[in-house]
Amino acid sequence: MSRYSPAEIEARWQDAWEQASVFRAVRSEDKPKYYVLEMFPYPSGRIHMGHVRNYTMGDVIARHRIATGHNVLHPMGWDAFGMPAENAAMASGGHPKDWTYGNINDMRAQMKPLGLSIDWSREFATCDPEYYGQQQALFLDMLEAGLVYRKNAVVNWDPVDMTVLANEQVIDGKGWRSGAEVERRELTQWFFRISDMAGELLDALGDLDDWPAKVRLMQENWIGKSRGLQFSFSLIGGPEGFDRVEVYTTRPDTLMGASFIGISPDHPLARRLEEEDDALATFNAECRRGATTAEALETAEKRGYDTGLRVRHPFDTALELPVYVANFILMDYGTGAIFGVPAHDQRDFDFATKYDLPIITTFMPSEDAEDALAQAFVPPKTERVFYNRGFAGEAWQTGDAAIDAAIAFCEAQGVGQGVTRYRLRDWGLSRQRYWGCPIPVVHCDTCGVVPEAKDNLPVRLPDDVSFDQPGNPLDRHPTWRRTTCPACGGEARRETDTMDTFVDSSWYFARFTSPRAQTPIDMAEAEYWMNVDQYIGGIEHAILHLLYSRFFARAMHITGHLPASAVEPFDALFTQGMVTHEIYQTRDARGRPVYHLPEDVSDGRLADGSEVEVIPSAKMSKSKKNVVDPTTIISQYGADTARWFVLSDSPPERDVEWTAAGAEAAHRHLARVHRIVSDIAADTAEDASPEADEALLREMHKAIHDVSVGVESFGFNAVIARLYAFTATLSKSGAGTGAKRQAARALAQLMAPMTPHLAEELWHMLGGDGLVATAPWPKADPSMLVDDTVTLPVQINGKRRGEITVAQDAAKDAVEETALALDAVQRALDGAAPKKVIVVPGRIVNVVV
RNA sequence: GCCCAAGUGGCGGAAUGGUAGACGCAGGGGAUUCAAAAUCCCCCGCCUUCACGGGCGUGUGGGUUCGAGUCCCACCUUGGGCACCA
C-alpha cells in the first residue's frame with residue numbers, strides 16, 4: 001500500500017490533463033455551453049490565499065459542469081495596466097513592462113500547481129498591444145456612436161508628482177506619494193456617457209435574479225434615482241444674462257417654507273459675480289481649496305456669502321429671498337442651486353441660525369404644535385403630518401402624497417416640472433499616466449481633436465521612457481507625440497492621456513470568447529459563449545467594475561460588438577469572502593507593535609521563547625506579516641489540501657480564517673481517504689452481505705444527491721462536511737468488495753471538483769474508465785434516497801418527548817396510533833384524550849394535550 | 001445622518017417553520033506501542049442527578065403558530081455600503 005504523496009500525484013495528473021487537452025474550449029453545438037469566470041488578477045508578483053479560494057471555487061463549478069456534460073469555457077488572464085508597475089519603475093528604475101511581464105510569468109508558475117481547469121490557450125494580458133489595440137478600436141466606435149465625449153472637469157492635482165490623483169489618494173488634503181498640498185485644477189478630460197444609461201442600468205438590475213441582493217442594492221444606491229421638481233426663481237437685479245436661478249428639489253412640498261437661495265461657488269452666477277466682487281472671489285477661492293475627503297466635509301462648517309441679490313417666491317411674489325453662495329452646495333448635482341428650508345432640513349437650519357434667516361414651517365406633527373423649532377423637523381416621507389403652509393391638497397398628508405401633489409400643482413401653474421435625477425455621474429476615463437491604454441486621438445491645429453484611423457491601431461506605448469522625473473513620461477517623450485493628422489495629413493500631436501484601468505477590465509470577459517480575433521471580438525464566438533454563466537469575485541468590485549462592465553456590454557452592443565442578448569454580461573454572480581489569518585505581535589522597548597510571520601510562531605511563542613500576543617482574524621497583509629503563502633502550503637501539503645481547506649470551514653460568501661490546525665486536518669483527511677480507498681482497491685475478498693451492500697449503496701446515493709445539490713448552490717462547506725460523513729460511512733461499512741468499490745468510485749467523483757488530483761488517483765486505483773475529470777457525473781437514484789422505515793420524533797406540546805419508528809409509507813392513522821401508545825405520551829395524557837394530534841408524514845408527530 | 005446584513009457551544013460553522021449544535025478544530029478518556037509518532041475507538045451546550053431522568057438553551061423583550069434559530073414588531077450589539085446628493 002502506497003502512502004499519499006501529493007507532490008508526485010499532482011504533477012502526474014496535471015500532465016495527464018495537459019496531454020488530453022481536457023480543458024481546451026472549442027465551440028461545439030452538441031453540448032450546452034457553460035462559461036465560468038473568476039475576476040482576473042492584477043499581476044502583483046505573488047498569488048495569495050484569496051486567489052486560491054477564488055479560483056478554487058470557479059474550478060469546482062467548472063469541473064462539475066464538465067462532468068455534467070457541458071462545453072465549459074474557463075479562461076484566465078491578467079489585469080496588467082496600472083500604477084503599481086509605474087511606482088515600481090520609479091522606485092527601482094526598471095521598466096513597467098518588464099516588471100509586469102516578469103510578474104505574470106511568476107504568478108502563472110505559482111498558479112499552475114493548483115491544478116485549475118483553465119484553458120491557458122486563451123490567456124492574455126490587458127497590456128498586450130493585441131488587446132489594448134482592440135480596446136482602442138472599441139473606443140473609436142464608441143466615440144463615433146456618441147458614447148464618449150470631452151469636457152472640462154475639476155480634478156485633484158498633485159503639483160509635485162504632476163499628476164491627477166483619485167479621491168482616495170488624497171490624504172488630509174495632501175498627495176499620498178508626494179505629501180504636497182493638492183490643488184483643484186480644471187482639465188479637459190474624456191468621459192463615457194454612462195449617466196445617460198442610468199435609468200436602464202437601474203431597471204435592468206431587477207432581472208438579475210442570480211446576483212446577490214446586496215450587490216444589486218449597492219448599485220441601486222450608487223445610481224441614486226430621485227424624483228423631484230425643477231423650477232426657477234426670477235432674479236431681481238442680476239447681472240446681464242442672469243434673470244432666473246434654476247433649482248432642483250426632492251421636497252417641493254416645503255416650497256412655502258423657503259427662506260433663502262443657495263448656489264454653489266462654482267455656479268455660473270457665482271463665477272460671474274466674483275468678477276466684480278473681490279470679497280466673493282476670495283470666499284469662492286477658499287471654498288474651492290477645501291479638502292475633498294469625507295471626514296473633512298463632515299466637520300466643515302457651513303459657510304455662506306450674501307450676494308445682495310434677491311429672488312421672488314413663485315407663489316408669493318411679494319416675498320423676496322436672499323441669494324447666498326454657500327460652501328456646502330455641489331455644482332455637479334441637480335442644478336448647483338437650492339432653495340433653503342431651515343424648518344425641514346438640518347443643514348439649512350444650521351445655516352439659517354448662523355445668518356439669522358427666517359425659519360418657516362410648512363408642516364408640523366399636529367395642528368397646535370409649537371411653531372418655534374429647536375432643530376429641523378424632518379419626519380419620514382411616509383408619516384402623516386399637518387401642513388400649515390401647504391399649497392396643494394389636504395392639510396393632513398404624508399410627505400409622499402404632498403410631494404406628488406406639489407409637483408402636479410406646480411406643473412399646472414406652469415411654475416416648474418417633475419424630473420427624475422440620478423446621482424450617477426459620467427465616467428471620467430483620462431489618466432495622466434504612462435502604463436495604460438493610450439487614448440487613440442490626435443490634436444491637430446487645423447482639424448481639432450481627430451480620432452486616429454483604425455488602420456493605424458494599435459497606438460503603441462513607446463518602450464524608451466524614463467521615470468526619473470515626475471509627471472507623465474509620454475508628455476516629455478522626444479518623438480512619440482509627433483504624428484500626422486488622419487483628417488488633413490498635416491502635423492498633429494498625440495493625446496498623451498491613457499485610459500483608466502477600469503476600461504481594460506470592462507470587456508475582457510467578452511474578449512476571452514475570441515482572444516486572437518482581429519476585431520474586438522468575433523461575433524460568432526461571442527454569440528456562442530456569452531453570457532458568462534457564473535462570475536465569481538470579491539465584493540469590493542460590487543459597484544465600479546460590475547457597473548462599468550454592464551455599461552460596456554451595452555456600448556458594445558450599440559457599436560455592433562456584442563449581441564443584444566449580452567447586454568447583461570453576467571447571468572449569475574457570486575461574491576466570495578476573504579481569507580484571513582491571526583496576527584502575531586510583540587512590543588518593542590517603546591511599546592510599539594512588532595509583527596511576526598506565522599511560520600516563526602509555534603505554540604504562541606517565538607523561537608527565543610518570548611510570548612506573542614494573538615490578534616484574531618484579520619485580512620492578510622504584508623505589513624501585518626500575517627500572510628500565508630500558497631506556494632509554501634502547496635509544497636508542504638499539496639494543492640488538494642489547500643483547495644479542500646479554503647472551501648471547508650466557512651460558507652463561501654463569508655471570510656474564512658486560515659489556521660495551521662485546519663490545514664493539518666484537511667491534509668489528514670485526504671491521506672485517510674487515500675488509505676481507505678487503497679485498501680478497498682487492494683481487497684479481493686467477496687464477503688457478500690446483501691443488507692450491508694444495500695445500506696452502503698443507499699448512503700452513496702444520498703451522498704451523490706446532497707453533494708450535487710450543494711455544488712450547484714455554492715454550499716461548498718456543507719458539501720465537504722457531507723463528504724467527511726460519507727467517507728466515515730464507507731470506511732465503517734461491512735459491505736462486500738463490489739459495493740465498496742462502487743461507493744469508493746462515487747466518492748472519487750464527488751471529490752473531484754474540490755480535490756481533482758487525489759480524485760484521479762483514486763479513480764485510477766479503482767480501475768475507473770479514463771479520467772475522472774471527464775467521467776459523467778454520478779446520478780442519484782431517487783428510489784435509493786428514501787429508506788423503508790423512518791424514525792419520527794414525537795413531541796408533546798411542541799417539546800420532544802420520544803421517537804417512533806414506522807414504515808416510510810405508513811398511514812397517518814397508524815402513525816398517530818403508534819405515537820399515542822408511547823409511555824411518555826400516555827403519562828402526559830393521564831387518561832384524557834389528546835386535544836389535537838399533528839402528523840407531518842416523514843417529519844414529526846406533535847400531540848397537543 | 002441614510003440604506004443593508006448578521007448575532008447559534010471554547011472556536012469555524014450545520015439546520016425546505018418540524019429531533020438545535022451536522023461536519024471540522026480545540027479539549028478529555030481509551031486502544032495499539034517497550035516508548036513515541038502515525039492510526040483507530042469513545043465522550044464533549046449549560047444546570048441538576050450516583051444513575052434513569054428532569055430543567056434551561058440560538059443577542060434582549062414581545063407576538064404569530066400545534067410547533068420558531070428560521071416568520072412579524074421593538075430594542076441592543078457587530079459588520080458593510082453610501083454620504084454636505086438638496
Side-chain angles (χ1 to χ4, degrees), chain A residues 3 212-222 224 226 228-229 247-252 254 262 264 290 294-302 326-330 332-341 344-348 350-351 378 380 421-425 539-540 542-543 580 616-617 644-645 648-651 653-666 668-669 671-672 675 715 717-728 731-732 791-803 824 834-840 842-849:
Chain A
R3 283 203 35 170
K214 183 189 171 80
V215 173
R216 285 184 299 173
L217 188 72
M218 281 163 72
Q219 292 214 355
E220 192 180 317
N221 292 337
W222 185 262
S226 72
L229 179 74
V247 299
Y248 171 73
T249 179
T250 56
R251 290 308 295 258
T254 66
S264 164
E295 312 86 78
L297 293 172
E298 183 91 14
T299 49
E301 197 190 348
K302 307 280 173 278
N327 64 343
F328 63 94
I329 298 163
L330 305 170
D332 50 8
Y333 184 79
T335 60
I338 60 152
F339 66 84
V341 185
H344 304 304
D345 182 293
Q346 191 57 43
R347 269 172 325 190
D348 295 350
D350 296 343
F351 192 83
V378 192
R421 287 199 172 270
Y422 299 92
R423 211 174 60 91
L424 183 66
R425 298 176 208 168
I539 186 76
E540 67 273 18
I543 298 175
T580 63
S617 200
W644 183 262
F645 179 74
S648 68
D649 258 19
S650 289
E653 69 276 12
R654 247 187 266 178
D655 291 352
V656 64
E657 177 161 338
W658 182 274
T659 63
E664 286 279 358
R668 211 158 47 222
H669 177 72
R672 182 161 49 229
R675 197 165 51 239
N717 56 328
V719 162
I720 284 181
R722 190 67 185 80
L723 287 170
Y724 270 108
F726 180 51
T727 304
S731 83
K732 286 175 191 168
T791 300
L792 299 181
V794 177
Q795 297 181 328
I796 296 168
N797 293 336
K799 288 194 189 291
R800 186 179 178 281
R801 283 294 180 270
E803 58 183 36
K835 277 196 194 130
K836 199 172 179 182
V837 181
I838 286 134
V839 178
V840 183
R843 277 289 177 196
I844 204 164
V845 181
N846 190 11
V847 181
V848 186
V849 297

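Lettering follows sequence order; numbering is per chain, from 1. Values below: all heavy atoms of this structure, side chains included; hydrogens, waters and symmetry mates excluded.
- Between the side chain of A:T250 and the main chain of A:G228, no donor-acceptor pair closer than 3.5 Å is present.
- In this structure, A:N846 contributes its side chain and A:G798 its backbone to a donor-acceptor pair below 3.5 Å.
- Proximity of A:R423 to the phosphate of B:rA83: a side-chain N or O atom is located under 4.0 Å from OP1 or OP2.
- As judged by a 4.0 angstrom heavy-atom cut-off over every strand, A:Y724 is placed among residues touching the sugar-phosphate backbone only.
- On a pure distance criterion of 3.5 Å, a polar donor-acceptor pair joins the side chain of A:K302 and the base of B:rC84.
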Please write out each protein N/O paired with an N/O of nucleotides 27-29 of chain B under 3.5 Å, distance rounded to 0.1 Å.
none

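- Distance from the side chain of A:R347 is smallest for B:rC84 among the nucleotides B:rC84, B:rU19, B:rA86.
- If you take atom P in B:rG45 and the same atom in B:rU33, they sit 32 Å apart, rounded to whole Å.
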Q) When every nucleotide of nucleotides 5-17 of chain B is labelled 5' to 3' by its protein contacts under 4.0 Å (heavy atoms), B for base, S for sugar-phosphate only, - for none, what sequence of letters results? A) -------SSS-B-

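- For B:rG61 and B:rU70, the P atoms lie 13 Å apart once the distance is rounded to whole Å.
- Here the closest heavy-atom approach between residue A:N797 and residue A:V848 is recorded as OD1-CA, 3.4 Å.
- Relative ring orientation between A:H669 and A:W644 is described as parallel, the plane-to-plane angle staying below 30° on a 0-90° scale split at 30° and 60°.
- For the pair A:S264 (side chain) and A:L330 (backbone), a donor-acceptor distance under 3.5 Å is absent.
- Among B:rU19, B:rA83, B:rC66, the nucleotide with an atom closest to any side-chain atom of A:P793 is B:rU19.
- Proximity of a side-chain donor or acceptor of A:E803 to a complementary backbone N or O of A:V794 within less than 3.5 Å is not detected.
- Residue A:Y333 has its side chain nearest to B:rA86 when only B:rA86, B:rC25, B:rC66 are considered.
- Taking atom C1' on both B:rA20 and B:rA14, the two are 9 Å apart, rounded to the nearest angstrom.
- Nucleic acid contact for A:I539: none, since no nucleic acid atom lies under 4.0 Å from a heavy atom of the residue.
- With both ends at atom P, the span from B:rC43 to B:rG53 equals 15 Å, rounded to whole Å.
- Considering only side-chain atoms of A:R800, the nucleotide from B:rG67, B:rU19, B:rA83 that sits closest is B:rU19.
- Here the closest non-hydrogen pair linking A:A665 and A:Y724 is O-OH, 4.1 Å.
- Residues A:P834 and A:V847 share a closest heavy-atom pair of CB-CG1, 3.8 Å.
- In terms of the side chain to side chain contact (heavy atoms under 4.5 Å, CB included) criterion, residue partners of A:I543 (sequence neighbours excluded) are, by chain and number, A:M218, A:W222.
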Below 3.5 Å between N/O atoms, which protein atoms pair up with nucleotides 54-59 of chain B? Just atom names and distances, please.
residue : atom : partner : partner atom : Å
B:rG55  : OP1  : A:R801  : NH2          : 3.4

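- Shown here for A:F339 and A:R251, the closest heavy-atom pair between the two residues is CZ-O, 4.2 Å.
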Show the distances under 3.5 angstrom between N or O atoms of the protein and N or O atoms of nucleotides 38-41 of chain B.
residue : atom : partner : partner atom : Å
B:rU39  : O3'  : A:R675  : NH2          : 3.2

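- Rounded to whole Å, the separation between the C1' atoms of B:rC73 and B:rC46 comes to 30 Å.
- By the 6.0 Å and 45° rule, A:R423 does not stack over the aromatic ring of A:Y333.
- Annotated as syn: B:rG9, whose glycosidic dihedral is within 90° of 0.
- When heavy atoms are screened at a 4.0 angstrom cut-off, A:L330 is found touching base atoms of the nucleic acid.
- One atom, CG of A:N327, and another, P of B:rC84, lie 13 Å apart when rounded to the nearest Å.
- Closest of all the heavy-atom pairs between A:E657 and A:F645 is O-CZ, 3.5 Å.
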Q. Can you give the dot-bracket line for RNA chain B, using ( ) for pairs inside the strand, [ ] for pairs that cross earlier ones, | for pairs with another strand and . for unpaired bases, where Watson-Crick and G-U count if both distances are under 3.5 Å?
A. (((((((..(((.....[....))).(((((.......))))).((((....))))..(((((..]....))))))))))))....

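- Proximity note for A:K836 (side chain, C-beta onward) versus B:rC66, B:rC23, B:rA86: the nearest is B:rC66.
- Here the closest heavy-atom approach between residue A:K302 and residue A:R347 is recorded as CE-CG, 3.3 Å.
- The same atom, P, is picked in B:rA26 and in B:rC41; the two are 16 Å apart, to the nearest Å.
- The side chain of A:F328 approaches B:rC84 more closely than any other nucleotide in the set B:rC84, B:rG24, B:rC66.
- Taking only side-chain atoms of A:I338, from C-beta outward, the nucleotide of B:rA86, B:rC66, B:rC25 with the closest atom is B:rA86.
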